[in-house]
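Here is the structure we will look at.
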Amino acid sequence: MTTRLPAQPNEVIDRSKPLAFTWNGKKMRGFEGDTITSAILANGEHIISRSMKYHRPRGVLTADFWDPNTSVQVGDEPNVRASHRALVAGMAVSAQNVWPSLKYDAKAANGLVGRFLTAGFYYKTFMKPAKMWPAYERVLARFAPGGKVDLDTPHGYHDKRYAHPDVVVAGGGPSGLAAAVEAARAGASVMLVEHEHDLGGHLRWGSNDDADALAGLVAEAESAGVEILTNSTVTGRYEDNWLAIAQRNHPIAVERLIKARAKVLVVAPGLIERPYVFAGNDLPGVMTSGAVRRLIAMYAIRPGNRAVVLTANESGDAAIDELERAGIEIVKVIDARTGATVTKASGSKSRVKAVTCSDGSIVDADLLVTATGWTAPTSLLNMSGDRPVYDPASARFFADSPPDNVLTTGGIAGDGNRDELISHGRSTGRLAAARAGVARHRIQAATTRATAVDGPEPAYPDDTRSPLGRDPHPELFRSTSHGMVDFSEDISSKDLFGAAAEGFDSVELLKRFTTATMGPSQGKLETVNTVAVLAEARGETLAEVGTTVWRPPYAPIALGALAGRVFEPVRVSSIQPWHEANGSTPILAGQWVRPEHYGAPQQEVRNTRANVGITDVTPLGKLDLQGPDVAKLLSQLYTNKWMQLAIGSVRYGIMCAEDGVVLDDGVTGRLGDEHYLMTTTSSGAGGVWNWIENWLQTEHPEWQVHVTPVTTGLTSINVAGPNSRELMSRLVGDDIDLDPDAFKYMQVRTGTIAGVADCVVWRIGFTGELSFEIHVPSGHGLHVWETLLGQGESLGVAPFGLEAQRIMRLEKGHFIVGQDTDGLSKAPTTGMIGLLKFDKDDWAGKPEVAWALEGDYPRIVAIQPTDPSIVPDEACQILREGTKDIVGRITSSRFSPTLDRAVCLGQVTPEFAGPDTTLTVQLVNGEQITARVMQHHAHFDPEGERLRG
Amino acid sequence: MLLVPCPNCGPRNASDMSYGGEPHSRPDPNTASPEQWRTYLYLRDNESGWITEKWYCSSGCRKHFKLERHTLTGELRNPPLPGNKTGGHK
Amino acid sequence: MADPPAFESPVVTIGRAAGAGSITLTDESATTKASVRAADGTPAASALGLTFGCAEARGDVLVARTRPDEWMVFGTSQAVAAHLGGLDLSGYASTVDITHSRLMFRITGLAAAKAMAKVCSIDFSDPMMPSGACVGASVAKVGCDIIRHDIDDVPSYRILCDRSFGQYLFDALVDAKAEFG
C-alpha cells in the first residue's frame, strides 16, 4: 500500500504541482504544500533522524514545528524543522549527525555503552587525565548533534523594522482569528502573528464545518484590515509589551525581526499535545493523535497500517475516526479515562511491532497513537511576569494574573467547542481594542507633537468576558515503565529519577544537570512530563514541585535577524575624499575614520619640523558657548581661573570629575563679550557636552549659558612648522593680522581664510611647533585644505597624519587624557599643580584633588630607555629592580625622528619620579631594560621656543 | 524595553534615555569631610518601594528630569507637579 | 575678492537609487539653518512661539521648535537672516549658525514612513506624527531631528543630524527605502 492516501477534503497539498527533491541522495517527489516530512513519508520512508546521544532511529512524533525527531539538513542550512518547512523544488535534504548513513549509523554503538552515558555523564567522565582533554574534545565534537555549517554560505538578506500596533494577537487559531477580527472592527490597528504557514490552528485538520468556519473567519480578517503574518512567531515579550516578532514570510528578507510596541497583547497560542512516557515510546511508529490527524487530513499520508490508540480525550477519539475513514485497521482502543494504559511498545530498530497493554495483552501493531493530554504554552505569560498555576482537574497550567495589557483566549484560557472558542475570541478582541484605545489616548495626550486628542481619557474597561469552561482531564504523564521524557536530549525518566536520587531534586537543578528541556524543543513537549516525573521521585504534587520559567526566544530565531542590517555609523571630515585619493592609511578612532599617515610618518614629522605640515584634526571637540554666565561655567568645570580671560585670548584647562579624576582637557578661547569656543579631546567631545548640560540643568539652572556642539560644523586644520606663518599669510584675509606682536601665542582671532568668512584661528601648539589651528565652516573645508597645499608648495608643505602628530606631541611631553591618564588618575598626576586653584570657591572635584595632594599619587614622567633603539610597548610594566613589584608603567612610546631615539611617557610612584632616576622596564618578551626619568616632560625644546616664535 | 514617561516628549523607549541614578544633594566642597563627599559620590539608599531617580532624555528633548519608580513592581510615573496630582503611566 | 567657494555637501556620492523609485531621498544640506535658544518667557520665545514638537512654514522659512527651549529656522540665507534679524535676544536668547554643522536630507513618498520605520523606533502614524510635527530620535543609530512637512499631501520628512555622518546616513536611508520600489 502506498503511504499517500486518495484526495482528502481539506488537504493542503496541490497534486497538480509535483516537486522533485532528494533525501540522503535518493531522488523523491512530493507536492506543493507538503512539508519535507510529509513528502519523505509519502515516499515510503519513516525514519527521519537519529537521536542525539544514543543515535536511536527516530520517526515522526508530532508532525509539527515542535517535532523533536525531524531536524534535517537542507543544502547548506542545518537544523531545519522538516515537519514545518515547506517542500521546495530541488531541495537536497539529508539526515544530521549520522555516520556513515541514517540507516547504518555506527554511532548507535552508543546504545551499548548507554549505562555509562546517563544524564550528566560529561560531568563525571572524560575528566582525567587533564592533558587528554584536547583529545577527548576532538572525539566528542564528532558526536555533537546538529547539522553542518558551511562557512562559505552566502549571506541572506536579513532585516529589522519597528511597529506600533494597537493590538498584537499571538496565535491564529479560531480564538486568535476572532479576536483579531473584532479588535480591527473596533478601530484598532491589529497584527495577527501565526506560527504555521496558514491560519486556523486545529480547524485545519477538523471537519468540513471547521474548514468552512475557518474560511469565513479569514475573509473577515482580511476585510477588516488585519495585518496577517504567517510563518511568524511572537518570540519574546519584554517590559511594557515590547515584542520581538520573527517574520519568516517576508518576500525579500530571509527572516525579519519586528520590534513592536503593542498597546495590548492577546495571547492565543492554543495547546501543545504532550507525548506519553513509557518503554519504547521513541520507536518510529509511535506518535500523537494530532500527528495522525494532521498527516491524514492535511497531507493525505497513511501513518501506518495496524493501529493501537491510547485515548484520554476528544483528540484521541477523533483520531480513531480519521484512521478508520482512511482505511487503517484499528486493532485496539485503550480508553485511558477508564484507568487502562499502555506499558510498552516493542519492535525492531526500525519500527514498532507490538504494544503491551496494562491488562497484560500484547497486540501486533505498526502504529501506536497516544492522546494523553495538553500542555499550555505559557511562555508569553511567563514573560509578562505571570506565574501560571497548575489545575489538577484539567491536568494543565492556567494563567494566574497577567498585567492588564495582556489578555488570553483560546485553549490557553479554557475549553469549548468551536463556536465557544470563537465567541470568547471575539469578546477578547473587543476588550483588547477598548484597552488599547485608552492607552492610545493617554500616549497621544502626553505627546505634544501628536494630533490633539478628543475629549477626556475614557474609563479603563473591566474584563467582563464570560470565561471558557475547563474540561476535566486525567493526569497522564508516565506509565508504569520508564521511557523517553526529552526526545531531543535523549533523557529518559530513569535518568531523571537517578539525578533526583543524586541530590539534583529541585526542578531548576534537575533541568540544568540533566539538560532535560534544554534541547531544540525547549520544553514545549517535555517540561510537564519532567515536572511530573520529579514529583513522583519526590512523592509530591506538580504544584509543589513547580516549573522552570520559559524565557525568550519562544522559537528559534536566525542570528541574521537579530543582527539585521549592520548599522555602524562612520564619521568623516569634509577632507576625507582628499585623504582617500592621496594614499592615506585609514585608522578607526571611535566612530571616526582618520588618516593615520600617508606612507611615511617619520618623514612627515621631519618635514613638519623643518618646513610646514598640515593635519586634519576635525574630530577635536568644539563647543560654542554663549551667555553672560559662561565664565562662571568655565570656572566651575576647569581647575583654573577664567573670570578674567580677555577677548581674543586662549587658556588651557583640565576638567575633573567629582571624584577628582581627570575627565578631559583642552583650550578655550574668548571670541566675544559673551561668546567663547571650547575645545575638548576628540573622544571626550560627547561626554563633555553631556557633563556641561548636567551642570547647567541640575546644579545651576539660574546661569544663562547656551551650549551648541560645533565639532563637525568647523573643519579643523593644524598648520605647523617654521614656515606656518608664511603659509598662513598667503591665505588670510585683511581681517586677520598675523604679525607676531599682534597675534601672540595662546590667542585667537576670527576672520577670512581662502575667501571663506567666519573662520577661527588659534595660536596653540600640540606639536610644539609654531602653529595655527584653523577652524573653517565645513562646507568649505576641502577648499581650504587644497588651497593650503597649493599655496604651500614652495614652502615644502606636506600633510601629516595622526601618527606623526602623536610622535610630535610625545616629543614635547604633552600628555593625552585617557592614554597617559587612566580612570584613577586624579589631577595632580598630570604634574599641572599650578593649574589647581584652591582659592577658587568651587570647582568639580576640588575636595578630592585637595585630599589627593596630601598623599601619594602617581606621577606622569618623561622616560628615555638607556638603549635609544629600544621602543618599549605601551603598557610595559616598570618594576622595582630585582623584584616583581610594579611601580609604574609606560603609557606612551614612540621612536623620535627628531631626536633619533626612543621617547616615552609613563606613570610611576613618587619614589621613582625624580629626574635621573633609573627605572627597570620589563618588555613584553620578559626581557628587562633600564631607562631614565627626564628632567622635563618635553624631550625636545623644553623651553617651548619654537611655539612662541 | 521599558517605556519611560518623559515629561516633555511623552512616553519614549528606554534606549532613547540615559539613566542618572538617585539624586543626592551636593555637599559644600569647602567644608565637606571625606566621608560626606564620598557618600555623595558612591553611596545610594536603594530603598524598597517608590524612589525618585534622575533620567536624561538623550535622544529627544535633551532635558534632565526626575521620575518615580517602584523598585518592586517596576512601575514608573512622573512625580507630582506642583499643585497637581501625580502624572500617571501604564 | 573672488566669489566665496561653493558649499561642499557631506554626501560625497549620491547614486541613482536615491532619486529613483516611489520614495525619493534628496540632500538639502546647503540650506541655511540657524538654531535659536531661548527660555520660556523671553521675548524671543514669545516671538517664535509654537509648542515643543511642532513646526510651521512662515513665508520663506520653516520654523521648528525642536526642544522646549530651542528653535530651528531654515530657508535661504537672506530669509533666515531677515527672520532672525528682528529678534529681541534679551533675557536671555542666543543664535548659532548651524548651516555647516548639520546635514539635512529630505525623504518623500507615500511609503516614506515605512522606510523610516526600518531605521527609527518612533511611531510615524498620522495621529502621532502629523505633518508639522518634529521629534529628536535615533535614525540608523545616529541622533537626528526629524521634521515632517508634507508636500501637496505627500508625506515628507526632513532629517537633520551631525554633518560627519553624512555619507553613512544617506546610504542607510537609500538602503531602507529600497524595499518599497
Side-chain angles (χ1 to χ4, degrees), chain A residues 159-164 189 252-253 259 261 440 443-444 447-451 453 565 567-574 576-577 591-592 618-619 624 626-629 674-675 704-715 733 752 754-758 776-784, chain C residues 1-10 12 29-30 35 37-39 51-54 69-70 91-102 114 117-130 132-135 140-142 148 162-169 172 175-176 179:
Chain A
D159 199 34
K160 282 186 199 170
R161 73 162 167 112
Y162 293 94
H164 302 83
S189 57
I252 304 175
K259 301 196 208 182
R261 177 76 73 187
R440 188 173 56 235
I443 293 170
Q444 219 171 307
T447 309
T448 52
R449 70 173 182 277
T451 310
V453 285
R565 284 160 300 116
F567 290 132
E568 269 182 45
V570 171
R571 304 177 80 169
V572 294
S573 84
S574 52
Q576 181 63 17
Q591 290 177 321
W592 287 92
T618 302
D624 179 289
Q626 294 190 42
D629 296 318
E674 296 183 349
H675 190 196
Q704 290 176 331
V705 179
H706 292 155
V707 189
T708 308
V710 291
T711 300
T712 60
L714 294 170
T715 294
T752 309
V756 177
D758 300 319
V776 173
S778 290
H780 308 295
L782 183 56
H783 161 76
V784 172
Chain C
M1 185 153 62
D3 281 332
F7 183 91
E8 297 149 17
S9 168
V12 177
S29 297
S35 159
R37 301 282 298 275
T51 314
F52 161 57
C54 298
D69 60 350
E70 183 177 344
Y92 167 68
S94 67
T95 67
V96 178
D97 181 351
I98 52 171
T99 302
H100 296 269
S101 41
R102 305 292 165 83
K114 285 190 182 158
K118 284 176 69 168
V119 288
C120 180
S121 67
I122 292 294
D123 184 350
F124 286 98
S125 64
D126 286 337
M128 287 299 291
M129 186 84 180
C134 59
V135 68
K141 295 218 179 114
V142 170
R148 179 173 174 183
D162 183 291
R163 187 203 156 90
S164 61
F165 293 105
Q167 189 70 54
Y168 159 80
L169 185 62
D175 178 65
E179 177 185 344

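We name chains A, B, ... by the order of the sequence lines, and we start the count at 1 in each one.
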Next item on the list: For each of A:Pro628, A:Pro577, A:Gly733, tally heavy-atom pairs with chain C at distances under 4.5 Å, and name the one with the top tally.
Entry: A:Pro628

Check: Any idea which heavy atoms bring C:Ala133 and A:Arg449 closest together, and the distance?
Finding: CB-O, 3.6 Å

Check: Side chains of A:Phe567 and C:Val119: does their closest heavy-atom pair fall under 4.5 Å?
Finding: yes

Check: With a 4.5 angstrom heavy-atom cut-off, which part of C:Ala93 approaches chain A: side chain, backbone, both or neither?
Finding: backbone

Margin query: Please identify, among C:Ile98, C:Asp175, C:Val142, C:Asp162, the residue contributing the most non-hydrogen atom pairs under 4.5 Å to chain A.
Written below: C:Asp162

Next item on the list: May I ask you to name which of C:Met128, C:Arg148, C:Met129 has the most heavy-atom pairs under 4.5 Å with chain A?
Entry: C:Met128

Check: Where is the tightest heavy-atom contact between A:Pro569 and C:Ala140, given as atom of each residue plus distance?
Finding: CG-O, 4.0 Å

Checklist line | Part of C:Asp126 within contact of chain A (heavy atom distance under 4.5 Å) | finding: backbone

Next item on the list: Go through the steps for C:Asp123 and A:Arg261 under the test salt bridge (charged side-chain N to carboxylate O under 4.0 Å, His left out), then give the verdict.
Entry: CA-CA 9 Å; C:Asp123 184 350; A:Arg261 177 76 73 187; over 6 Å; no

Notebook entry, point to check: Taking the side chain as C-beta and beyond, is there a heavy-atom pair between A:Gln444 and C:Pro127 under 4.5 Å?
Noted result: yes

Next item on the list: Return the minimal non-hydrogen interatomic distance between A:Gly755 and C:Pro5, and the atom names on each side.
Entry: O-CD, 4.1 Å

Next item on the list: Rounded to the nearest 0.5 Å, what's the gap from CZ on A:Arg161 to CD on C:Glu179? Could you check?
Entry: 8.5 Å

Note to self: For C:Tyr92 and A:His706, I'd like to know if the aromatic rings sit close, meaning centre-to-centre distance below 6.0 Å.
What the structure shows: yes

Item checked: Pair C:Ile122-A:His164, side-chain contact (heavy atoms from CB on, under 4.5 Å): steps then yes or no -> CA-CA 9 Å; C:Ile122 292 294; A:His164 302 83; 5.8 Å; no

Next item on the list: Select one option (side chain, backbone, both, neither) describing which atoms of C:Leu169 are under 4.5 Å from chain A's heavy atoms.
Entry: neither

Item checked: Atom group of A:Val707 that falls short of 4.5 Å from chain C, counting heavy atoms -> backbone

Checklist line | Selection from A:Glu568, A:Arg571, A:Gln626, A:Glu674 maximising heavy-atom pairs under 4.5 Å formed with chain C | finding: A:Arg571

Check: When rounded to the nearest 0.5 angstrom, what is the spacing between CZ in C:Arg102 and OG1 in A:Thr708?
Finding: 7.5 Å

Checklist line | From CA spacing to verdict: side chain to side chain donor-acceptor pair (under 3.5 Å), A:Thr712, C:Arg163 | finding: CA-CA 6 Å; A:Thr712 60; C:Arg163 187 203 156 90; over 6 Å; no

Next item on the list: Identify which of A:Ser189, A:Gly781, A:Ser573, A:Ala163 forms the greatest number of heavy-atom pairs closer than 4.5 Å to chain C.
Entry: A:Gly781

Checklist line | Side chain / backbone / both / neither for A:Ile252 at chain C, heavy atoms under 4.5 Å | finding: side chain

Notebook entry, point to check: Do C:Cys54 and A:Thr448 come close enough that some side-chain heavy atom pair is under 4.5 Å?
Noted result: no

Notebook entry, point to check: Looking only at heavy atoms, which two atoms of A:Arg565 and C:Lys118 are closest? And how far apart?
Noted result: NH2-CE, 3.4 Å

Item checked: Side-chain (A:Gln704) to main-chain (C:Gly91) donor-acceptor, under 3.5 angstrom -> yes

Next item on the list: List the atom of A:Thr451, the atom of C:Pro130, and the distance in Å for their closest heavy-atom pair.
Entry: OG1-CG, 3.6 Å

Next item on the list: Report the distance from atom CZ of C:Phe7 to atom NE2 of A:His783, rounding to the nearest 0.5 Å.
Entry: 14.0 Å

Item checked: Interface moiety of C:Thr51 toward chain A, non-hydrogen atoms closer than 4.5 Å -> side chain

Next item on the list: Please list, chain by chain and in numerical order, all residues satisfying salt bridge (Lys or Arg N to Asp or Glu O under 4.0 Å) with A:Asp629, sequence neighbours excluded.
Entry: A:Lys632

Check: Looking at residues at least two apart in the chain, or sitting in another chain, which of them share a side chain to side chain donor-acceptor pair (under 3.5 Å) with A:Asp758?
Finding: none

Notebook entry, point to check: Which bit of C:Ala30 is near chain A, if near means a heavy-atom gap under 4.5 Å: side chain, backbone, both or neither?
Noted result: neither

Checklist line | Side chain, backbone, both or neither of A:Gln576 within contact of chain C (heavy atoms, under 4.5 Å) | finding: neither

Item checked: Euclidean distance, C:Cys120 SG relative to A:Tyr162 OH, rounded to 0.5 Å -> 7.5 Å

Check: Quick one: are C:Gln167 and A:Val572 in side-chain contact, heavy atoms under 4.5 Å?
Finding: no

Notebook entry, point to check: Just by distance, do the side chain of C:Ser101 and the backbone of A:Val710 share a donor-acceptor pair under 3.5 Å?
Noted result: no

Margin query: Let's test your reading of the structure: which of A:Pro709, A:Gly713, A:Ala757 forms the most heavy-atom pairs below 4.5 Å with chain C?
Written below: A:Gly713

Margin query: Whether the side chain of C:His100 engages the backbone of A:Gly779 through a donor-acceptor N/O pair (distance < 3.5 Å, no angle test) should be reported.
Written below: yes

